[in-house]
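What's counted below: heavy atoms across the whole structure, side chains too, no hydrogens, waters or symmetry copies.
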Amino acid sequence: MATSFHSSTSISRVGFSSQFTGSNLASKSSVSVSLPSSLPNLTLKSVETSRQQSSRISAMSKAESGSFEQLNVDISLSPRVNSVKPSKTVAITDHATALAQAGVPVIRLAAGEPDFDTPAVIAEAGINAIREGHTRYSPNAGTLELRTAICNKLKEENGLSYKPDQILVSNGAKQSIIQAVLAVCSPGDEVIIPAPFWVSYPEMARLADAKPVILPTLISDNFLLDPKLLESKITERSRLLILCSPSNPTGSVYPKELLERIAEIVAKHPRLLVLSDEIYEHIIYAPATHTSFASLPGMYERTLTVNGFSKAFAMTGWRLGYIAGPKHFVAACNKIQSQSTSGASTISQKAGVAALGLGYAGGEAVATMVKAFRERRDFLVRSFGELEGVKISEPQGAFYLFIDFSSYYGVEAEGFGKIENSETLCRYFLDKAQVALVPGDAFGDDTCIRISYAASLTTLQAAFERIKKALVSLRPAVPA
């Protein structure tokens, strides 16, 4: 039987659209759910109130005797969880994958995952780890072998001196970031996040009972943070500034001079820390260069540097990342990890040691991938630059293109409806061009759409032709 939902109040839509949530509401019993019209505020004091207003489910189950009895089950969720939005990138990627598995020829350019295989030397190290019996629990902070290798890497490539007890290895850089936010933020603290931003930053702040403070940037400024805007937004509650360079979703790279100006502002506020997300540091296109924020004068003691192996070494499935910073903060992250996941896979850590042994910046293996990414970037920038009503900031790193399509908003698409925003435009491209992209509103900028060029050049060429064809029937509503 189909599940029926009844609510006395209206329920706001959350996420990209129902088709992208991946939820399956079908069941063998009839369920009635009543939800409040608004979610409770994310404060510890609101928990009791939230429980009193909680959703309740009434289910009818037939007992063996043939009689029915009503069970009232409290299905309320934590206010902390209710405050968090689902990831649109994950939802769209999952939906596109499902379509492809059903035989629909969807081109998937939503996920931030390299299309290359993990370099053979790294893969062999993982295989050998299994064969040699490295299959037991890892020390919580990571093996001494890997943490020592990370220290050597940071010294040689980033000019940063750390000891192994200042390194915490985790199950991906994503875990490193959330643990850092939880470790340093108190309820009511402010986390400053330049937009466009990686989708998880604001939600991680909310999980820590902190308030995300979003600072917009301009495509005309290559989506780089204006130091004057930063200075005007810092308050006594400001606890953490998150920087990502090279950037997801824009591919922007912060020049050293701009980082120095930001550092001068940060230095005026003793309570303000910086989380520097450097996961894309090796995927960078000359003449752009990478600067680690912790290497700037006065920033070492207040910077938490996050990095990992997923992007540069094509190791997304190995789930391996790390954080480096002052021992006091890293120890706090270590404590959180000890009570959640514990140490990362010993097999992956052996592979990580092999990755760091490939040479400076990943050696030839990474250089080959970066060369391919650059060729793809150049093709997309050139091709989309020829289209009417499009604005582009050329990426200097990572493997994303963040394109401004806002001139098409307001256009009525035949057989589809009105293009109202980045979300509807992405649905239009999926329906009409069978290309999966991510709407910019997921990253805090509704004027743009993110295209991942972590796909073969042939695939990107086909995707561009489909998008171009889909745009033929549209005319920009306003001049670009």
Side-chain angles (χ1 to χ4, degrees), residues 14-15 38-47 50 77-91 112 168 170 172-217 223 225 229-245 247-250 262 265-266 269 271-279 293 302-308 321 323 325 329-330 332-333 335-337 340 438 440-446:
V14 178
S38 61
L39 297 175
N41 293 326
L42 181 60
T43 62
L44 297 177
K45 293 181 180 179
S46 69
V47 172
S50 170
L77 299 176
S78 159
R80 184 177 287 106
V81 173
N82 281 332
S83 74
V84 176
K85 301 174 185 177
S87 169
K88 286 189 178 181
T89 54
V90 171
L168 174 62
S170 300
K174 196 170 195 174
Q175 181 179 2
S176 300
I177 296 172
I178 181 61
Q179 290 177 167
V181 175
L182 290 171
V184 304
C185 290
S186 300
D189 279 350
E190 295 176 349
V191 178
I192 301 173
I193 307 169
F197 46 72
W198 180 46
V199 295
S200 295
Y201 293 149
E203 309 315 315
M204 289 176 173
R206 293 187 178 99
L207 281 172
D209 285 331
K211 175 185 177 183
V213 176
I214 309 303
L215 304 188
T217 62
F223 298 112
L225 177 61
L229 177 61
L230 170 63
E231 191 163 27
S232 70
K233 295 298 182 180
I234 296 176
T235 72
E236 61 181 12
R237 301 300 301 171
S238 300
R239 179 56 171 162
L240 190 65
L241 166 65
I242 299 181
L243 296 175
C244 181
S245 179
S247 165
N248 173 10
T250 68
I262 293 174
I265 294 170
V266 171
H269 303 273
R271 193 168 182 271
L272 184 60
L273 305 176
V274 177
L275 189 149
S276 182
D277 184 350
E278 303 181 8
I279 190 69
F293 196 81
R302 65 168 77 211
T303 301
L304 300 167
T305 300
V306 172
N307 210 322
I323 189 168
F329 295 125
V330 173
C333 296
K335 183 163 56 175
I336 294 172
Q337 183 163 299
S340 54
V438 186
D441 68 337
F443 307 99
D445 188 339
D446 195 37

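- Nearest heavy-atom pair, Leu182 versus Leu207, reported as atom, atom and distance to 0.1 Å: CD2-O, 4.0 Å.
- Evaluation of the side chain to side chain donor-acceptor pair (under 3.5 Å) rule for Ser247 yields Thr250 as partners, not counting sequence neighbours.
- Shown here for Leu272 and Leu241, the closest heavy-atom pair between the two residues is CD1-N, 3.9 Å.
- In this structure the side chain of Val184 never reaches within 4.5 angstrom of the side chain of Leu275, judged on heavy atoms.
- Side-chain contact between Ile323 and Gln179 is absent, with no heavy-atom pair separated by less than 4.5 Å.
- No side-chain heavy atom of Ser238 sits less than 4.5 Å from a side-chain heavy atom of Arg271.
- A distance of 11.0 Å separates OG in Ser83 from CG in Leu77, rounded to the nearest 0.5 Å.
- Within the 4.5 Å cutoff, no side-chain heavy atoms of Glu190 are placed close to those of Lys233.
- Atom CD1 of Ile265 sits about 5.0 Å away from atom CG of Leu230, to the nearest 0.5 Å.
- Scanning all heavy atoms of the two residues, the minimum distance from Ala332 to Ala183 falls at CB-CB, 3.9 Å.
- Taken to the nearest 0.5 Å, the CD1 atom of Ile193 stands 11.5 Å off from the SG atom of Cys244.
- With Thr235 contributing its side chain and Arg237 its backbone, the two residues share a donor-acceptor pair below 3.5 Å.
- In this structure, CG in Leu243 is found 5.5 Å from CD1 in Ile262, a value given to the nearest 0.5 Å.
- Proximity of Phe197 to Ile242: side-chain heavy atoms (C-beta onward) are nowhere separated by under 4.5 Å.
- We find the CE-CD distance between Met204 and Gln175 to be 9.5 Å, quoted to the nearest 0.5 Å.
- Between Arg239 and the choices Asp189, Ile192, Val191, the side-chain contact (heavy atoms from CB on, under 4.5 Å) rule is met once, by Asp189.
- A distance-only check finds no donor-acceptor pair linking the side chain of Glu278 to the backbone of Asn307 [under 3.5 Å].
- Side-chain atoms of Asp445 and Phe223, non-hydrogen and from C-beta on, do get closer than 4.5 Å to each other.
- Residues meeting the side chain to side chain donor-acceptor pair (under 3.5 Å) test with Ser87, sequence neighbours left out: Thr89.
- Remark: Phe443 engages Phe402 in a ring pair (Phe, Tyr, Trp, His ring centres under 6.0 Å) (not counting sequence neighbours).
- Counting all heavy atoms, side chain and backbone alike, Glu203 lies closest to Lys85 at OE1-N, 3.0 Å.
- Atom OG of Ser176 sits about 7.5 Å away from atom CD of Gln337, to the nearest 0.5 Å.
- Across Pro202 and Ile214, no two heavy atoms sit closer than the pair CG-CD1, 4.3 Å.
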